[in-house]
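Everything on this sheet refers to the single structure shown next.
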There are 4 protein chains.
Amino acid sequence: MLLKLNLESETPIYLQLRNSIIEGIASGQLKEGEALPSVRMMASDLGVNMHTVNKAYQLLKQAGFILIHRQKGVVVNPDGMPGLDDEYKESLNSGLRPFISEAICRGMGESEFLKMCQTIFKDIKQ
Amino acid sequence: MLLKLNLESETPIYLQLRNSIIEGIASGQLKEGEALPSVRMMASDLGVNMHTVNKAYQLLKQAGFILIHRQKGVVVNPDGMPGLDDEYKESLNSGLRPFISEAICRGMGESEFLKMCQTIFKDIKQ
Amino acid sequence: MLLKLNLESETPIYLQLRNSIIEGIASGQLKEGEALPSVRMMASDLGVNMHTVNKAYQLLKQAGFILIHRQKGVVVNPDGMPGLDDEYKESLNSGLRPFISEAICRGMGESEFLKMCQTIFKDIKQ
Amino acid sequence: MLLKLNLESETPIYLQLRNSIIEGIASGQLKEGEALPSVRMMASDLGVNMHTVNKAYQLLKQAGFILIHRQKGVVVNPDGMPGLDDEYKESLNSGLRPFISEAICRGMGESEFLKMCQTIFKDIKQ
DNA sequence: GTGGTCTAGACCACC
DNA sequence: GTGGTCTAGACCACA
């Protein structure tokens, strides 16, 4: 799996990394139980600091997307992904709200917005 | 118009402010041409620093949502909002992508996601 | 003579006023010895504060472009315009420098820049 | 590269700084990809506040002259300078107009004005 | 170490 | 009164 980082983006690298891995899982490129490169390996591959990769992994582990075994390394959680609890729905809601507000201001209709979402869905699932 | 800030959020205050004002415009609570409180006024109302409010205003000005007259103060852009240019669409796309990836991972179906968006649309427009 | 003000510009109104009057003289629309509206008159015509017009007039008077008689009112200096002293040349030089620097950075050639100046010359002189 | 500031000038420090850096790029003293001092470093060098330097950097970043990496610091945009779009030409035109008007009033001929521009061009490019 | 954010308080230009 | 500029000093996120 190829990870794309934009070192000049406003988004911190560790978040880009987190997002890329989640997108990899969503798209099926990373399957449950599949191994991920070690922290050092990925850091070296991407040319970023080890701490940066570690931070992304810790975020993913804490949310339940991956498991980190001291010896066996890092794997996509074989017991399934974290679910749709209320806390997540609430955070998703808060996260989307500013995007939708701005879209309305700029004159984007609801249907156009939904269409864009559908396009992204298709694009991720391929 | 009542603005709600969460001083303990990870989102910087000036961005929360920016988002709240955009939502206010989207919802129609703030109409084109309507005046906004002066930087000092709003800062005092919200209990934050003048410069924090100013930063939010500058962002909104730069994007074309508001006009800042040196003396007359701040008004919602009476000539209409910024439009749907490609640059914006691109940024919207990039911004939504991580949310959709995570939603897919967590087992949220496309229809459920779209429904949530529709709910937010309704909620903002009231 | 019709003065055009942009109340939303970054440039202070009194400077826009000063510049417009100078351009009027340069273009020949205002001739030496010709009368200008009184401070109150012009302020009322333009819908701006009296002090603002006064500030523009004071600037023009100090530089020698106009004369202000307590009774007779304001006239374009009938004894001719201020000349090309070294101080002015120096200030012109300093003022143009940033424009030329940026033009170079953005890839505008010297000839293209000079052409733009010539166009402005023609446009003012008509 | 040596920057000269005039703390008593009417031009705000952050603008002087912006102009100096642009002139540095135009003259070739600052090359594309070259690093600039950190905000704190430059502030300390110049004896001004960090925020003043930051404001200049933010202006330059927004216009596309430099890139700001959160950790690596500031560099002259290695992908080249911003181009000659219509918006810039318009602003250049508006910026030059008052200078040309005044030059005409003061009896400076078109050729003399163009000559001065050429001199500045040479002076910057060296 | 870097830039990002926030505060507190000051003076000035403009109208 | 408004926003614009500048200072001084603080804490945090990031790498």
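Here is how names work: the chains are called A, B, and so on, in the same order as the sequence lines, proteins then strands, and each is numbered from 1.
Taking every nucleotide of DNA chain E with any atom under 4.0 Å from a non-hydrogen atom of chain C, the first and last of them, 5' to 3', are E:dC14 to E:dC15.
Counting all heavy atoms, side chain and backbone alike, C:Thr11 lies closest to C:Gln16 at O-NE2, 2.8 Å. The heavy-atom pair separating A:Ala35 from A:Val75 by the smallest distance is CA-CG1, 4.0 Å. Between A:Leu7 and A:Ile13, the shortest heavy-atom distance links the atoms CD2-CD1, 3.5 Å. In terms of heavy atoms, B:Leu3 sits closest to B:Ser20 at CD2-CB, 3.5 Å. Of all the heavy atoms in D:Ile22 and C:Cys105, the pair that sits closest is O-SG, 3.3 Å.
Nearer to the 5' terminus of DNA chain F, by closest-nucleotide assignment, is the contact made by D:His51 (compared with the other of D:His51 and A:His51).
Among residues two or more places apart in sequence or in another chain, the side chain to side chain contact (heavy atoms under 4.5 Å, CB included) test is passed with A:Gln58 by A:Asn54, A:Lys61, A:Ile68. Shown here are the salt bridge (charged side-chain N to carboxylate O under 4.0 Å, His left out) partners of B:Arg70, two or more places apart in sequence or in another chain: there are none. Every residue meeting the side-chain hydrogen bond (donor to acceptor under 3.5 Å, both in side chains) condition with C:Gln29, not counting sequence neighbours, appears here in chain and number order: C:Ser27. A:Leu59 meets the side chain to side chain contact (heavy atoms under 4.5 Å, CB included) test with A:Tyr14, A:Leu15, A:Arg18; sequence neighbours excluded. With sequence neighbours excluded, the residues satisfying salt bridge (charged side-chain N to carboxylate O under 4.0 Å, His left out) with D:Lys89 are C:Glu112.
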Practice task
For DNA chain E, produce a single dot-bracket line, 5' to 3'. Pairs: Watson-Crick or G-U wobble, both distances under 3.5 Å. Symbols: ( ) within strand, [ ] crossing, | other strand, . unpaired.
Solution key: ||||||||||||||.
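Distance, A:Met50 CE to F:dA15 C1': 12 Å, rounded to whole Å.
In this structure, the separation between CG on B:Leu60 and CD on B:Gln62 is 10.0 Å, given to the nearest 0.5 Å.
Around NE2 of D:His69, the count of heavy atoms belonging to other residues, nucleotides or ligands within 6.0 Å exceeds 12.
Looking at heavy-atom distances under 4.0 Å, D:Val48 makes contact with sugar-phosphate atoms alone, never a base.
Applying the salt bridge (Lys or Arg N to Asp or Glu O under 4.0 Å) test to residues at least two apart or on different chains, none of the pairs has a partner in residues 34-53 of chain D. Among pairs with a residue in residues 8-17 of chain B, none fulfils salt bridge (Lys or Arg N to Asp or Glu O under 4.0 Å), at least two apart in sequence or across chains.
Proximity of residues 10-20 of chain B to DNA chain E (heavy atom under 4.0 angstrom from any strand atom) is restricted to B:Pro12, B:Ile13, B:Tyr14. Listed in residue order, the members of residues 57-72 of chain D having a heavy atom less than 4.0 Å from DNA chain E are D:Gln58, D:Ile68, D:His69, D:Arg70, D:Gln71. At a non-hydrogen distance threshold of 4.0 Å, nothing from residues 39-47 of chain A comes into contact with DNA chain E.
Contact annotation: the side chain of A:Ile25 approaches that of A:Met81 to within less than 4.5 Å [non-hydrogen atoms, C-beta and beyond].
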